[in-house]
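Labels below follow one simple rule: chain letters A, B, ... track the order of the sequence lines, proteins then strands, and each chain is numbered from 1. Note that the structure is a prediction, hence the values are computed from the model and not measured.
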There are 2 protein chains.
Amino acid sequence: MKETLLCPRLAKAMELLGKRWTALIIFQLIDGAKRFNEIESSLPISGRLLSERLKELEKEGLVERTVFSEVPVRVEYNLTDKGYALKDVIDGIESWSKEWF
Amino acid sequence: MKETLLCPRLAKAMELLGKRWTALIIFQLIDGAKRFNEIESSLPISGRLLSERLKELEKEGLVERTVFSEVPVRVEYNLTDKGYALKDVIDGIESWSKEWF
DNA sequence: ACCACAAGTTACTTTATGTAACTAACTTTA
DNA sequence: TAAAGTTAGTTACATAAAGTAACTTGTGGT
């Protein structure tokens with residue numbers, strides 16, 4: 001991979017958001033916490049990828065994972081402040097899509 | 001692929017923007033037209049992918065391609081109104097990245 | 001013991017991306 | 001006139017990421 005003059009923070013943000021499903025997962029969590037299966041049902045994503053993406057988002061601090069030791073187990077995902085700070089960006093994409101497609 | 005209740009326009013926008021390099025290419029064109037090699041030099045992307053992405057963006061009407069029959073040939077890419085309308089989104093990602101990374 | 005359930009994980013196939021060498025068309029240089 | 005240089009790509013091949021479907025784990029109910 002070539003080197004670049006690109007701002008490393010922007011490059012990192014783009015690497016995250018420019019990954020398939022990432023922004024849509026955040027979009028699904030904007031209105032509040034959701035369970036694994038709820039996100040899976042609301043997007044055409046497979047469990048494999050959803051699991052992978054949620055781990056990445058958790059690692060980057062955009063998403064928080066909470067386990068409820070019920071039976072069967074319940075796991076909720078919700079946005080951290082860092083994740084929620086993307087609301088305007090996601091909203092912007094949404095309104096752009098409505099205006100131009 | 002599963003079906004979904006997701007708004008088709010948003011899904012389409014995300015499919016475009018959630019593709020590697022797409023948003024960064026648009027970012028490079030925000031300040032005005034650039035040539036193929038200029039974009040290639042300003043991003044760690046290969047000619048193969050850049051060519052592919054520019055074709056997609058042209059097909060979706062975000063980017064316009066202009067050929068100048070000089071020697072050697074010069075080709076410029078610039079944003080259409082539809083492409084430029086993403087400026088706020090890109091700016092939003094940029095400021096989010098500066099604040100949170 | 002057997003089934004149900006959520007939340008994953010695994011194994012395998014297909015598609016996307018990365019890398020480097022190559023091409024077309026024309027000009028300048030030797 | 002042949003060789004070399006220029007931009008804007010394209011091609012062929014290797015590797016990484018994504019899609020699909022079946023399987024696992026932990027627990028409680030019948």
Report task. Grab the CD-P distance between Glu15(A) and dG18(C) for me, whole Å please. Result -> 10 Å
Report task. Determine, using the 4.5 Å side-chain heavy-atom cutoff (strictly less than), whether Leu57(B) and Val67(B) are members of one ILVMFWY cluster. Result -> yes
**Report entry** Heavy-atom protein contacts under 4.0 Å, nucleotides 3-13 of chain D, coded B base, S sugar-phosphate only, - none
**Finding:** ---BSSSBBB-
Query raised in the report: OP1 or OP2 of dA17(D) less than 4.0 angstrom from a side-chain nitrogen or oxygen of Trp21(A), does that happen here?
Result: no
Query raised in the report: Does the distance from a Lys or Arg side-chain N to an Asp or Glu carboxylate O, for Arg53(A) and Glu56(A), drop under 4.0 Å?
Result: yes
Requested in this report: Rounded off to whole Å, could you give me the CZ-to-P distance for the Arg20(B) and dA16(D) pair?
Outcome: 12 Å
Query raised in the report: Roughly, in whole Å, what's the span from CG in Leu43(A) to P in dG19(D)?
Result: 11 Å
Requested in this report: Sequence neighbours left out, what passes side chain to side chain donor-acceptor pair (under 3.5 Å) with Arg65(A)? Give chain and number order.
Outcome: Tyr77(A)
Report summary line: Lys34(A) atom NZ is separated from dA7(C) atom P, nearest whole Å, by 13 Å
N/O donor-acceptor pairs under 3.5 Å from side chains in residues 81-89 of chain B, not counting sequence neighbours:
unit_1	atom_1	unit_2	atom_2	d
Lys82(B)	NZ	Glu60(B)	O	2.8
Lys87(B)	NZ	Asp91(B)	OD2	3.0

Query raised in the report: dG8(C) P sits how many Å from Ile39(A) CD1, rounded?
Result: 10 Å
Query raised in the report: dA18(D) C1' sits how many Å from Glu56(A) CD, rounded?
Result: 12 Å
Query raised in the report: To the nearest angstrom, how far is Lys19(B) atom NZ from dA17(D) atom C1'?
Result: 14 Å
Query raised in the report: Will you find, in the side chains of Gln28(B) and Ser42(B), an N or O donor that is under 3.5 Å from an N or O acceptor?
Result: yes
Report task. State whether Arg48(B) and Glu52(B) are salt-bridged, where the test is any N-O pair (Lys NZ or Arg NE/NH1/NH2 against Asp/Glu carboxylate O) under 4.0 Å. Result -> yes
Query raised in the report: What's the CD1-C1' distance between Ile45(A) and dG8(C), to the nearest Å?
Result: 13 Å
